A.B. asks: 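One structure follows; several queries about it will come next.
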Amino acid sequence: MAADIRQLLLAAFDVEHREHVTAIRAALGSATPDWNDVFRRAHSLKGAARAVDLPPVEAVAHRLETLFERVRTGARALDREAANAVHLALDRIETYVAGLQDGAGPDMPADALTALGQCLGLPGEAPGDAAPPPAPPPEAPPAEPSAPPAFAAPTPAAPSPAPAPEPAESGAAILRVPGEAVEALARASHDLTSTLAAQAPAAEGLARLARLARDMRVGTEALAAKSDAEAPALRALAARLGGFAREAAELSRRQAAATSAIEGAAFRVRTEAERLALVPAETVLGPLARSIRETAREQGRDVDLDLRGLDLPVERGLLQALKDPLLHALRNALSHGWQSPEIRRAAGKPEALRLGLEVAVRGSRLQVTVADDGPGPDLARIASTARARGLLAPGEADDPETLLRLVFEPGFSTAEAVDTLSGRGYGLSVAADAARQLLGSVRLEPREPAGTALVFSLPLSAARRSLLLVEAGGRTYALPGGAVERLLRLDRAALPVAMGRTILRVGDGKAATNHPVTDLAEILGQAPAAPDAAGQDPAILIAVLLRAGGGRLALGVERLHDVRALLVLPAPSFGSDPDLIAGTAVLPGDVPVLVLDPEGLAARASATSAGLSAGTMAQAPRSTTSQRATARATILVVDDSITTRTLEKGILEAAGYRVVVCVDGQDALDRLRAEIEPVDLVLADVEMPRLDGFGLLKALRADPRFARLPTILMTSRGDAADVSRGLDLGADAYLTKQKFDQRHLLDTIGQLL
């Protein structure tokens, strides 16, 4: 039992120590570090190490804590020597924890304690003296150095640190799973979601049965009231029908609740399955930083490492394929970019070589960059080497672009001698081969004002991705599986409609949200296929709920196919819309399908909802007096229907207006009189509780402040008498929802403003 508890504590310590180490490193790279937080983290790291009985880590953390206390109080500056000592200490802690076996770690080199001791000016810690101090007593104050510990023996003046084992990629245990198994799990989770979606009509069918039974009961009771002779039998039948209706309604409620719960569970299963394939870049590439720092120490070279974007989730196989090429690239940068401190000072640079590793997304591609601030590519030497190797003919042009491509040839090197870092000419060749295998490219380019950058550009999904295949306009498209939240098959007749748009209600109670359903074919600018041709039941709405743009997008499709793990290639360079197309996948039989971008679909759906074409997304109606004034116009929407309010708000905001909403006429009148914000136009329904649209309009025209405020009535009451009444009361326009046209509404607003 004690062993089990210790393993649990060590697992918790593994997570905690990485959090503290990462935060301390981030602070060292910050222009304005919070030294109080850094000190607290070193102190917490020491306490955590003591709790799991790891004296070597505790001793190093204690000296870190002491150093940070002095920096915090201004007693010592964090100069280059101190920063290097801190990085060395953090590397040693990470290596030690990664090498723990059954609670026991490898021998910790004494160089970290020695370097920290020299920074603290501890007695007996002169340069070259490697004798470490002992572990601090339990209650040692942070600013008081303690005597040398007994757990590490003295080492030679130039210790040779033990090779660092790689840390666990995640958690305390590693389970190796074949990639095919991960893909199978992802497919199975999507299949489960699709199967559950097919069960959704069951609850709706039960609800329809309940309504039918209630109608039959009402009819039976009416017959019983008319027929005295049959009254007892009819009343008994009505009672049984009432019981049937209640039972069906209860079953419908339970079915809907169960389906919602299972869908939520299926979504979590799918999310976790996808997490097996996608991991933060730090998981695989993080150890490269420690490796290159160790190499720099062995070479006696001072470096600053700048790591960016390592929290970006990337497919694990892609990262593994990049790991060795990136290590070669970093070692090359350390070799070719390094200059003596004197040369760097003369050039106005910091003494330490700056190396950078950045992982970023650029459009639909993953970009990984290794950069340095050294002297930059030596084009003259590259040209000389290329001519000597016969890669350039005597009269051939030696423009920079050509020369920088030649460095990727196997065996090409401009190094004067072969050393442990470079000189054999295969580092960049390895990088080029890796990029080609991943269907990408790599280039070497000079940096401004100085330095070199090696840039990998790869398809975001150079590995296989989980895709949902759907049909729209008679064609097959693919949606990224990670963006799919729910698949739905719903009875169209049971769904609310607002201003000609079907509304999908997601969730229950106050947490429920409404989403207008946009046909995918409409977004893509295609004519929808006829229901018969698509093989679909026109009474059933097939929809995909996507997560996009920080919200949700409800897409209507003609058919759901299956979920497949496919290799996604870059989007075609011609004939495709870069705002909508994220890539191309190839189905068996060499059938290409376009992979759609959820963010682009959401943006295009907003434009479609506003009645704008793809080419006029940003063109909102403009005032006849001032485009600037219209762009800032605020519209007050007044309607007691939440679905109508939501839809109108979306249309107007997509057209560039600010929108304020009120639930009825009295609410709107109170808000206007309170002058919370200036309102340029009112768009109001007529039939509302408390104060209807006619009453609101009458009150506005009676108030000098609002007598000239443009007001549009938009209602389902389209009788001539109602229209006449609204206009007589002073409405600037009267629109009916039965003949609602989004463009007409926006044009009317534009004319009034």
Side-chain angles (χ1 to χ4, degrees), residues 498-499 606-607 609-612 616 618-688 690-718 722-737 739-753:
M499 295 189 294
S606 295
S609 296
L612 303 176
T616 60
Q619 298 176 5
R622 292 291 181 253
S623 169
T624 56
T625 57
S626 169
Q627 292 185 354
R628 183 181 297 272
T630 301
R632 293 198 301 265
T634 299
I635 298 177
L636 176 62
V637 171
V638 190
D639 202 301
D640 62 321
S641 167
I642 184 173
T643 55
T644 303
R645 287 200 310 271
T646 301
L647 195 55
E648 290 175 349
K649 185 174 185 290
I651 292 171
L652 296 173
E653 287 180 340
Y657 296 105
R658 296 192 184 102
V659 179
V660 180
V661 296
C662 288
V663 297
D664 58 33
Q666 189 61 54
D667 185 22
L669 191 59
D670 293 343
R671 188 179 187 103
L672 286 168
R673 288 172 173 170
E675 298 183 345
I676 297 174
E677 69 276 302
V679 172
D680 301 289
L681 183 141
V682 175
L683 176 64
D685 188 18
V686 170
E687 294 180 309
M688 295 181 291
R690 297 204 297 170
L691 183 66
D692 65 11
F694 293 144
L696 171 63
L697 184 57
K698 186 176 180 179
L700 292 178
R701 295 301 178 243
D703 189 326
R705 293 174 295 174
F706 311 119
R708 301 179 63 84
L709 178 63
T711 303
I712 300 174
L713 293 180
M714 188 163 66
T715 175
S716 57
R717 293 171 59 169
D722 292 325
V723 175
S724 177
R725 183 184 176 191
L727 295 176
D728 289 341
L729 287 172
D732 295 279
Y734 193 106
L735 306 179
T736 58
K737 294 180 180 177
K739 298 180 180 179
F740 174 75
D741 179 79
Q742 297 168 9
R743 170 59 69 184
H744 182 44
L745 170 63
L746 294 173
D747 287 345
T748 302
I749 293 173
Q751 292 169 11
L752 293 175
L753 292 177

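FYI, side chains are in, hydrogens and waters are out, and symmetry mates aren't considered; it's all heavy atoms of this structure. Source: prediction; values computed, not measured.
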A.B. asks: Once rounded to the nearest 0.5 Å, what's the spacing between atom CG of L681 and atom CD1 of I712?
C.D. replies: 4.5 Å
A.B. asks: Identify the heavy atoms of L636 and C662 that sit nearest to each other, and give their distance.
C.D. replies: CD1-SG, 3.6 Å
A.B. asks: Mind checking the CG-CE spacing from D685 to M714? Nearest 0.5 Å is all I need.
C.D. replies: 8.0 Å
A.B. asks: My understanding is that only residues two or more places apart in sequence, or in another chain, count here; which of them pass side-chain hydrogen bond (donor to acceptor under 3.5 Å, both in side chains) with R671?
C.D. replies: E677
A.B. asks: Could you state the interatomic distance from CG (L691) to CG (L669), rounded to the nearest 0.5 Å?
C.D. replies: 6.5 Å
A.B. asks: State, to 0.1 Å, how close D640 and M688 come at their nearest heavy-atom pair, and which atoms those are.
C.D. replies: OD1-CG, 3.9 Å
A.B. asks: Which residue pairs pass the salt bridge (Lys or Arg N to Asp or Glu O under 4.0 Å) test with at least one member in residues 691-701, sequence neighbours excluded?
C.D. replies: R701-D732
A.B. asks: What is the minimum heavy-atom distance between V638 and A668, and which atoms define it?
C.D. replies: CG2-CB, 3.6 Å
A.B. asks: Got a second to check how far L745's CG is from L683's CG, nearest 0.5 Å?
C.D. replies: 6.0 Å
A.B. asks: Can you list everything that forms a side chain to side chain contact (heavy atoms under 4.5 Å, CB included) with V723? Sequence neighbours excluded, please.
C.D. replies: L727, Y734
A.B. asks: Write down the atom of D680, the atom of P710, and the distance for their closest heavy-atom approach.
C.D. replies: O-CD, 3.4 Å
A.B. asks: Once side chain to side chain contact (heavy atoms under 4.5 Å, CB included) is applied, do any residues pair with D670, and if so which ones, sequence neighbours excluded?
C.D. replies: Q666
A.B. asks: For V679 and V660, what are the C-alpha separation, side-chain angles and deciding distance, and is it a side chain to side chain contact (heavy atoms under 4.5 Å, CB included)?
C.D. replies: CA-CA 9 Å; V679 172; V660 180; 5.5 Å; no
A.B. asks: Could you work out, with side-chain hydrogen bond (donor to acceptor under 3.5 Å, both in side chains) as the rule, every residue matching E687, not counting sequence neighbours?
C.D. replies: none
A.B. asks: Can you tell me how far CD1 of I749 sits from OH of Y657, rounded to the nearest 0.5 angstrom?
C.D. replies: 5.5 Å
A.B. asks: What heavy-atom pair brings G726 and L697 nearest, and what distance separates the two atoms?
C.D. replies: O-CD2, 3.4 Å
A.B. asks: Which pair of heavy atoms, one from G665 and one from L696, lies closest together, and at what distance?
C.D. replies: O-CD1, 3.7 Å
A.B. asks: If I take atom CG from residue D639 and atom NZ from residue K649, how far apart are they, to the nearest 0.5 angstrom?
C.D. replies: 14.5 Å
A.B. asks: Under the rule for salt bridge (Lys or Arg N to Asp or Glu O under 4.0 Å), what residues qualify as partners of R690, not counting sequence neighbours?
C.D. replies: D664
A.B. asks: Can you name the salt bridge (Lys or Arg N to Asp or Glu O under 4.0 Å) partners of D667, sequence neighbours left out?
C.D. replies: none
A.B. asks: Just to verify, what does R673 make a side-chain hydrogen bond (donor to acceptor under 3.5 Å, both in side chains) with, not counting sequence neighbours?
C.D. replies: none
